[in-house]
Every structure is written in structure tokens, then in C-alpha cells.
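Sequential numbering from 1 along the given sequence is applied to the chain's residues.
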Amino acid sequence: MLYPTGHQRTHGLKFQSVMTPNGLIANLSGPYEGKRFDAGIFRENKLAHNLSCYMNLLNEETCCLYGDAAYPINQHLLVPFKGIKLTAQELEFNRHMSSVRQCVEWGFNKVTHLFAFLDFKKKNLKLYLQPVHKYYLVGAFLANCHTCLYGSLT
């Protein structure tokens with residue numbers, strides 16, 4: 001079975017992870033079929049439950065993650081405000097957080113920038129002939145090592 005993404009008629013794998021403020025990729029889970037929705041993957045890998053457990057251990061109520069609009073709102077997960085009629089404060093929040101989200105994308109792009117072989121669209125990776133998902137996991141680990149040694153744009 002191929003893994004269609006539903007985006008630009010390509011096939012691929014999807015991973016879900018958390019980007020920490022220092023630019024490290026944490027809690028990397030996957031691979032998932034490219035066409036899977038982010039919210040479904042979020043529920044399946046129980047990230048919300050794990051976040052709640054960690055925050056309770058730390059006795060912190062104010063810590064949360066920021067996700068894109070595809071994710072559900074949760075006690076420990078914020079998403080952009082949706083709708084046409086947003087207040088000035090909601091628009092300002094969305095604008096400010098958009099720049100933060102862009103930094104997160106840079107962190108994930110670092111994996112394919114450092115290891116161009118992992119860019120599924122540009123290279124001739126074959127899902128059933130090569131362990132593509134393992135290559136990506138190793139690439140993410142090595143990108144974290146690079147971040148520890150040289151820092152991060154985020």
C-alpha cells in the first residue's frame with residue numbers, strides 16, 4: 001500500500017513531534033500514513049494525556065504547547081483563533097504566534113536540510129525497499145545533536 005498524502009498528489013510518511021524552545025525535536029512519533037489528520041494522530045499517540053501527567057508532576061498549570069489550527073484545543077495545547085469576526089486581541093495573538101510557528105517549521109526543515117537524502121519528494125526513496133522511517137528517526141536524532149553543538153535558529 002502506498003501512503004498518499006492528499007497534498008499535491010504525492011506519497012509520503014508523516015511524523016508528529018514537539019519542538020522545544022531550544023530547537024530540539026522531542027516526542028517524535030510515527031510514521032503515519034501521509035493522509036492522516038494531525039488531530040487524529042494527536043489523539044492516537046496520547047500526547048495530551050502525557051502532557052497532563054508531566055504538568056501534574058511539575059505542579060505547573062501554565063505550561064502548554066502551541067499547535068496549528070488542525071489540532072484540538074486542550075488544557076495544555078493552544079491553537080490559533082478561528083473565524084471571520086475576531087477581536088483585535090485574537091488577531092494580535094494569531095499574528096504573534098504565527099511567527100513562533102514559523103520557527104518550529106525551521107526546526108523540522110533542519111532535518112532535511114542537514115540530510116538531503118531524507119527529503120522524500122526530491123530523492124528516490126522507496127517505502128517498501130528501504131527503511132525510510134528509520135532513516136528519518138536517525139536524521140532527527142542527528143539534527144538534535146547538531147542543535148546541541150551549534151545552536152538553533154528557533
Taking side-chain hydrogen bond (donor to acceptor under 3.5 Å, both in side chains) as the test, write out the residues that go with [X], two or more places apart.
{"X": "Asn27", "value": "none"}
{"X": "Asn45", "value": "Gln16, Ser29"}
{"X": "Lys110", "value": "His146, Thr147"}

For Ala26 and Ser17, the nearest pair of non-hydrogen atoms, with its separation, is O-CB, 3.4 Å

Using every non-hydrogen atom in the two residues, find where Pro80 and Gly67 come nearest and quote the distance to one decimal.
CD-O, 3.4 Å

Could you give the distance from [atom1] ([X]) to [atom2] ([Y]), rounded to the nearest 0.5 Å?
{"X": "Leu77", "Y": "Tyr71", "atom1": "CG", "atom2": "OH", "value": "8.0 Å"}
{"X": "Tyr136", "Y": "His133", "atom1": "OH", "atom2": "NE2", "value": "14.0 Å"}
{"X": "Ile41", "Y": "Arg43", "atom1": "CD1", "atom2": "CZ", "value": "10.5 Å"}

Examine distances only and state if a side-chain atom of Asn144 and a backbone atom of Leu24 form a donor-acceptor pair shorter than 3.5 Å.
no

Return the set of residues passing side chain to side chain contact (heavy atoms under 4.5 Å, CB included) with Phe37 (not counting sequence neighbours), or none when no residue passes.
none

Run the side chain to side chain contact (heavy atoms under 4.5 Å, CB included) test against His113 and tell me which residues pass, sequence neighbours left out.
none

Qualifying salt bridge (Lys or Arg N to Asp or Glu O under 4.0 Å) pairs with a residue from [range], counting only residues at least two apart or across chains:
{"range": "residues 12-23", "answer": "Lys14-Asp38"}
{"range": "residues 66-80", "answer": "Asp68-Arg101"}
{"range": "residues 135-151", "answer": "none"}
{"range": "residues 82-93", "answer": "Glu92-Arg95"}

Looking at side-chain heavy atoms only, is the closest gap between Val111 and Ile25 below 4.5 Å?
yes

Any side-chain heavy-atom pair from Phe141 and Leu28 closer than 4.5 angstrom?
no

Ring pair (Phe, Tyr, Trp, His ring centres under 6.0 Å) involving Phe115 - partner list, sequence neighbours excluded
none

Hits for ring pair (Phe, Tyr, Trp, His ring centres under 6.0 Å) against Phe81, two or more places apart or cross-chain, chain-then-number order -> Phe93

OH (Tyr66) with more than 12 external heavy atoms under 6.0 Å
yes

Among Thr20, Val18, Leu78, Val79, which one satisfies side-chain contact (heavy atoms from CB on, under 4.5 Å) with Leu65?
Val18

